[in-house]
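Comments concern the structure below.
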Amino acid sequence: PYLIAPTLIITVAQRLVRTLCPGAGKPLPVDGSIKLMLDKQFEDLPKKYKDELPMGNELYEAQPTADCPNGTRGRTAVFEVMQMNDEIERIILTNPIESDIYTVARKKGMLMMKEDAIIKSFGKVIPVEEVNMLGKDMLGDGAEEDLTADKEETPASSVTETPSGE
């Protein structure tokens with residue numbers, strides 16, 4: 001650890017997720033339990049960073065079209081980026097506990113990978129089903145919450161997962 005802290009500048013984690021075909025996104029209103037889950041996901045992010053997020057009133061689900069039978073085509077990356085600072089360096093050197101590093105990074109505005117995916121679903125880049133697939137092993141409270149759980153049918157349950165190559 002004594003060599004990591006002073007030499008580390010930034011850490012980046014990424015995963016590839018499916019992208020929506022143009023015109024293939026079916027709007028999913030953000031209300032009720034979905035709104036509560038989103039509020040819970042972002043609750044520990046400081047207000048000054050939350051206010052800058054491009055949140056909307058609708059997430060988007062994959063919807064098949066004539067040109068795009070699955071509603072998705074191609075992949076894009078979702079990221080989690082942590083920039084080093086003196087406080088994180090001190091934690092790594094003195095008592096490197098993951099939750100302490102997370103707390104400090106979060107206080108500085110770090111977004112989790114799942115949150116990057118949520119923002120991309122608001123932007124009609126990826127389907128909300130991909131957000132749900134990311135949550136199974138992410139750090140943080142509410143990580144296993146399914147954003148489409150209150151619906152009768154969850155399209156993510158019928159999606160075949162592809163190995164991510166990790």
Side-chain angles (χ1 to χ4, degrees), residues 9-65 67-68 70-85 87-88 98-99 101-151 153-157 159 161-162 164 166:
I9 297 169
I10 197 166
T11 63
V12 179
Q14 74 173 16
R15 288 215 181 150
L16 291 176
V17 294
R18 298 175 300 144
T19 56
L20 285 169
C21 289
K26 176 183 171 189
L28 175 67
V30 175
D31 55 12
S33 62
I34 294 174
K35 177 140 180 51
L36 290 174
M37 283 184 251
L38 289 173
D39 290 344
K40 184 177 179 182
Q41 179 68 43
F42 290 95
E43 74 184 347
D44 65 341
L45 186 66
K47 183 175 177 9
K48 69 179 183 178
Y49 299 108
K50 271 192 240 184
D51 292 344
E52 296 175 5
L53 296 177
M55 304 296 251
N57 296 322
E58 298 174 330
L59 294 164
Y60 291 89
E61 296 178 302
Q63 181 178 22
T65 65
D67 295 338
C68 197
N70 294 327
T72 62
R73 181 174 294 133
R75 298 199 179 253
T76 192
V78 289
F79 299 96
E80 185 171 299
V81 179
M82 182 181 76
Q83 188 169 3
M84 281 296 288
N85 61 41
E87 199 172 355
I88 293 173
E98 183 178 1
S99 62
I101 295 170
Y102 169 83
T103 301
V104 171
R106 192 66 166 174
K107 185 174 76 176
K108 299 289 184 181
M110 183 182 91
L111 292 177
M112 304 304 295
M113 195 178 300
K114 183 173 183 178
E115 293 162 347
D116 184 38
I118 290 168
I119 291 166
K120 286 179 177 166
S121 184
F122 274 121
K124 206 173 180 180
V125 176
I126 69 170
V128 70
E129 295 91 341
E130 291 296 306
V131 175
N132 293 332
M133 288 185 178
L134 286 172
K136 305 232 180 337
D137 57 355
M138 300 287 117
L139 174 68
D141 289 338
E144 294 188 22
E145 308 251 2
D146 183 338
L147 293 180
T148 57
D150 64 340
K151 296 180 55 177
E153 235 179 283
T154 303
S157 64
V159 174
E161 291 190 39
T162 356
S164 63
E166 291 185 318

Audit row: I9, M84, side-chain contact (heavy atoms from CB on, under 4.5 Å) steps and yes/no: CA-CA 5 Å; I9 297 169; M84 281 296 288; 5.7 Å; no
So, the side chain of [X] versus the backbone of [Y]: is there a donor-acceptor pair under 3.5 Å, distance only?
X    : Y    : value
K124 : G23  : no
T19  : R73  : yes
Y60  : V125 : no
N85  : E87  : yes
S121 : A117 : no

Under 4.5 Å between any side-chain heavy atoms of [X] and [Y], yes or no?
X    : Y    : result
L20  : I126 : no
I119 : P54  : yes
L111 : Y49  : no
V78  : E115 : no

K35: salt bridge (charged side-chain N to carboxylate O under 4.0 Å, His left out) partners, not counting sequence neighbours: D39
Worked verdict on M133 versus V17 for side-chain contact (heavy atoms from CB on, under 4.5 Å): CA-CA 9 Å; M133 288 185 178; V17 294; over 6 Å; no
Atom [atom1] of [X] and atom [atom2] of [Y]: how far apart are they, to the nearest 0.5 Å?
X    : Y    : atom1 : atom2 : result
L45  : K50  : CG    : NZ    : 6.5 Å
L59  : F122 : CG    : CZ    : 4.5 Å
I101 : M82  : CD1   : CE    : 6.0 Å

Which residues share a side-chain hydrogen bond (donor to acceptor under 3.5 Å, both in side chains) with Q63, sequence neighbours left out: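 So Q63 forms no side-chain hydrogen bond (donor to acceptor under 3.5 Å, both in side chains) with any residue.
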K47: partners by side-chain hydrogen bond (donor to acceptor under 3.5 Å, both in side chains), with sequence neighbours left out: D51
SB check K120 E130 (cutoff 4.0 Å): no
Show the nearest heavy-atom pair for residues [X] and [Y], with the distance to one decimal.
X    : Y    : value
D116 : A77  : OD2-O, 4.3 Å
M112 : M110 : SD-CE, 3.6 Å
P27  : G25  : CD-O, 3.7 Å
E61  : P127 : C-CB, 4.2 Å
M113 : R15  : SD-CG, 3.4 Å
T103 : S99  : OG1-O, 2.8 Å

Steps toward side-chain contact (heavy atoms from CB on, under 4.5 Å) verdict (V30, E58): CA-CA 5 Å; V30 175; E58 298 174 330; 5.5 Å; no
Step-by-step side-chain contact (heavy atoms from CB on, under 4.5 Å) determination, F42 to M55: CA-CA 11 Å; F42 290 95; M55 304 296 251; 3.4 Å; yes
